[in-house]
Amino acid sequence: MLNEKYAPHEIEAKWQKYWEDNHTFKVEIDENKKKYYVLEMFPYPSGNLHMGHVRNYSIGDVVARVRKMQGFNVLHPMGWDSFGMPAENAAIKHGIPPKNWTLDNIANMTKQQKALGLSYDWDREVTTCKEDYYKWTQWFFELFYKRGLAVKKKSAVNWCDTCNTVLANEQVIDGKCWRCDSTVVKKELSQWFFKITDYADELLQDLELLPGWPERVKTMQKNWIGRSEGLEFSFDVPKFQEKLAVYTTRPDTIYGVTFVVVPPEHPLVEKLLADNPNREELQAFCDDVRNTSDIERTSSESEKKGMYTGVDCIHPLTGRKVQIWITYYVLYDYGTGAVMGVPTGDQRDWMFATKYGIEKIITIQPKDQELKLEDMTCAYEEKDGVLVNSAQFTGMEMHKAMSAIIDYMEEQGLGKRKVNYRLRDWLISRQRYWGAPIPIIYCPHCGEVLVPEEQLPVRLPEDVNFNAGSVSPLATSTSFINCKCPKCGADAKRETDTMDTFLCSSWYYLRYTDPKNAEKCFDKDANMYWGPVDQYIGGIEHAILHLLYSRFFLKVLRDAGLVDYDEPFTNLLTQGMVIKDGAKMSKSLGNVVSPEEILSQYGADTARLFILFAAPPERELEWSDQGVEGSYRFLNRVWRIVAHFESLIEQKVISYDAAKLSEQDKELRRALHSSIKKVTEDINQRFNFNTAISSLMELVNALYAYKDKCAEPNAGLVYEAVSNLLKMLSPFVPHITEELWNKVIDSTTSVHDQEWPSYDPEALKVAEVEILLQINGKGKGRIVVPSESTKADLEQLAVTNEAIREHLEGKKIVKVIAVPGRLVNVVAK
RNA sequence: GCCGAAGUGGCGGAAUUGGCAGACGCACUUGACUCAAAAUCAAGCGCCCUCAAAGCGUGCCGGUUCGAGUCCGGCCUUCGGCACCA
């Protein structure tokens, strides 16, 4: 017997315990079943879940539960991205060891996740800060190292003074640190890099293998990789018997080059300054540039300042003298670090040349118009044009000239075709404690040596000083740094940097397929069964960071023979943010709604239902307390209608004669089956849970209408309607449906083990339909016709209809258009 | 500047293939029940209009079509990403 009142807390606690005790969501490989791998981005254990997490997991849980009901063997795991700065900051501030802080947070957040009733296989939980995980992160570092993809090199890197560590390019947002928002500066340091640029082309190409990814994520990755094709060639610098190489995507403007610019960091600058009569002035300028912040240097707004060196180079095609200038608007780590200047072809060059009075030569002009320098106020940057003043290429269309000039330069041995990328190598070392130590040993005799595999993991020591300043805290542990060289046995020192946490998270989805393996990172067969991830769900903020790194990682693992597919995540859903009062929830705005609050007030089912109903998953979700109330109201309505029919259902009449149904029966049956159709399609085809839920609300409304109108309800039909309603609702609100199923439908089975319902197309049919009558596209009346009426029937009915005839008086019928089941439009003049 | 997404009632949002714009829910109004309130149930709810009829209505202007929220052309606005990448 059902309780009279819906009591969410009682039933939620009961079923959560039951699921946990019975390992309800444990999965194993089953070759007889098709697999489905659904994954939500694993969280950083900050201490508490926020609404964004709740949304993320609710979406994933619906997908997992529906796929399971549809017969798939579903892998749905959860874990912890648990290395990183906040744990270390807690240690500095409160003296709590990072490990304790992290594990406490994990315990608390696990409790919160469990309170949401999520269908995770908790036996597969992975935690990146645990030895059995980071051992393999280190093992992957060694794999990359052996493949020449992990290298230590000296270069200008991004440095965050607040975090006291270097950052990857992807972690610098608008010149600021992605984590703490402080301004990032450049520092010349020797650091570990992963050579992601080796895979630039494939990372770009393979985006085409991902039709299941949002367009905007793919575009962001495309922009980030930034491929461009062009020409690399050199100018002779006779004074030093040197060559100065430049890269251009506009070889068609090559005859218009009148100057070349180099940044102060360019290797040639030292020679340019050596015995220069203007040496002091030039040196002062270079120093000034070096003191300018990176943001200012790369701001497109700032003035294009420069200084002529007095040294010239020789144009390889014309033999003319070309001035060499020092400026800071050139990026020294892109292309060759020097750029040719064509004032008439590039607006920046135009402004620079105008400012300093450098010669301008027109080499491209419109097809049907001659350009004159004295009339020009800016560079000619149109997409079409014809070459002039360009020797044998004069008169050629500019796009043809691009390849013709490259071909010519290649033939003459003067230059070569070149592809460049904006993508830079991934800087993976960090001067922090709470990360996986880089498994490298520095030996005075052997140099850089990998820690032998059998000695992994290189464990994080606990005797460290967290306030060591600009060196990694690991450097303060003598027990850690001092070791023997694995090759020669001499006294040696360990690398004291740790790895970027994005490296730990670049392979976690692979570990879930075989999480306890002590011998290998994962078993290839297990991975072949489960991988790749069929549906990945997470925030858009990882569009380039995590999602690019993971793709790169997988490609390297594939090349090493560890996996046999090309892309880690077949389908990607980027959920929208949860906002309140039009803004992102934040402590400073005071508009945070904590999941715990909602759970304790209404329970998990209400929270899940609201969050899935309020907006489609990709869009922003405006939090509404009243909306939550509405979802709670709906669950109460479900409870009461099932309670109302309880005694009828208990008769266990589970079938009925479809031919002997009353009008009300048929209406309910139609509502049920069209609801099955709609919910199934909304979930399968587009993850529109909001409309799926609204359709289920309509079904509940139909049950209420049936209750009121029907004096003698059909027991079999009611059984069918209620049991299917519970099945369809179960992925969204797993607790209430399990309780109702257990108490009313069948106490020996679980609603979550049921097969997803299918609809009977016959049940959708109606005998009569209402047809709209239009004249010239405007509605003039309605008629009720048999639903199988043909076009001809409808046309006939329309022109003989009285209301229509009235409106048509004095007019002539030009055309009649009939759309069966919908409308008839009479076109008249 | 380049790239991407989006503009629909008081609000969140629906309309999937060009076919009755506003499903479902929230808020609101009225009524029933109640001594009263809450809960629940019933009805209403785009704008204009006292009511009705008519008219208007999916960011703006234009086009295609019997018919446009949906397709095409041109704009505007908002949000997001990239941005001196030669």
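By convention in this document, chain letters (A, B, ...) are assigned in the order of the sequence lines, proteins followed by strands, and residues within each chain are numbered from 1. All values below were derived from every heavy atom in this structure, side-chain atoms included, with hydrogens, water molecules and symmetry-related copies excluded.
Nucleic acid contact class of A/V246 (heavy atoms, under 4.0 Å, all strands): none.
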Are there any protein N/O atoms within less than 3.5 Å of an N/O atom in nucleotides 21-28 of chain B, and if so, which ones and at what distance?
from: B/rA23; atom 1: O2'; to: A/E698; atom 2: OE2; distance (Å): 3.2
from: B/rG25; atom 1: OP1; to: A/N701; atom 2: ND2; distance (Å): 3.3
from: B/rC26; atom 1: OP1; to: A/R633; atom 2: NE; distance (Å): 3.3
from: B/rC26; atom 1: OP1; to: A/R633; atom 2: NH2; distance (Å): 2.6
from: B/rA27; atom 1: OP2; to: A/R633; atom 2: NH2; distance (Å): 3.3

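Nucleotide B/rG9 carries a syn base; the chi torsion (O4'-C1'-N9-C4 or O4'-C1'-N1-C2) is within 90° of 0.
For A/Y602, the ring-ring contact (aromatic ring centres under 6.0 Å, His included) partners are A/Y632, not counting sequence neighbours. Annotation: ring-ring contact (aromatic ring centres under 6.0 Å, His included) contacts of A/F502 (sequence neighbours excluded): A/W178, A/Y549.
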Exercise. Dot-bracket for RNA chain B, 5' to 3', counting Watson-Crick or G-U wobble pairs under 3.5 Å, with [ ] for crossing pairs and | for inter-strand pairs?
Worked result: (((((((..(((......[....))).(((((.......))))).((.......))..(((((..]....))))))))))))....
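For RNA chain B, the residues of residues 416-426 of chain A within the heavy-atom distance limit of 4.0 Å (strictly under) are A/R422, A/R424, sorted by number.
Taken from CZ in A/R250 to CG in A/D346, the straight-line distance is 8.5 Å, to the nearest 0.5 Å.
For B/rC41, one of the phosphate oxygens OP1 or OP2 lies less than 4.0 angstrom from a side-chain nitrogen or oxygen of A/R640. At least one side-chain nitrogen or oxygen of A/S228 sits closer than 4.0 Å to the OP1 or OP2 atom of B/rA86.
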Under 3.5 Å, sequence neighbours excluded: what are the donor-acceptor pairs made by side chains of residues 335-343 of chain A?
from: A/T336; atom 1: OG1; to: A/A245; atom 2: O; distance (Å): 2.7
from: A/T336; atom 1: OG1; to: A/A338; atom 2: N; distance (Å): 3.4
from: A/T336; atom 1: OG1; to: A/A338; atom 2: O; distance (Å): 3.2

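In the interface, the side chain of A/N825 is paired with the base of B/rC66 through a donor and an acceptor atom under 3.5 Å apart.
Within the 6.0 Å centre-distance limit, the rings of A/F352 and A/Y329 are counted as a close aromatic pair.
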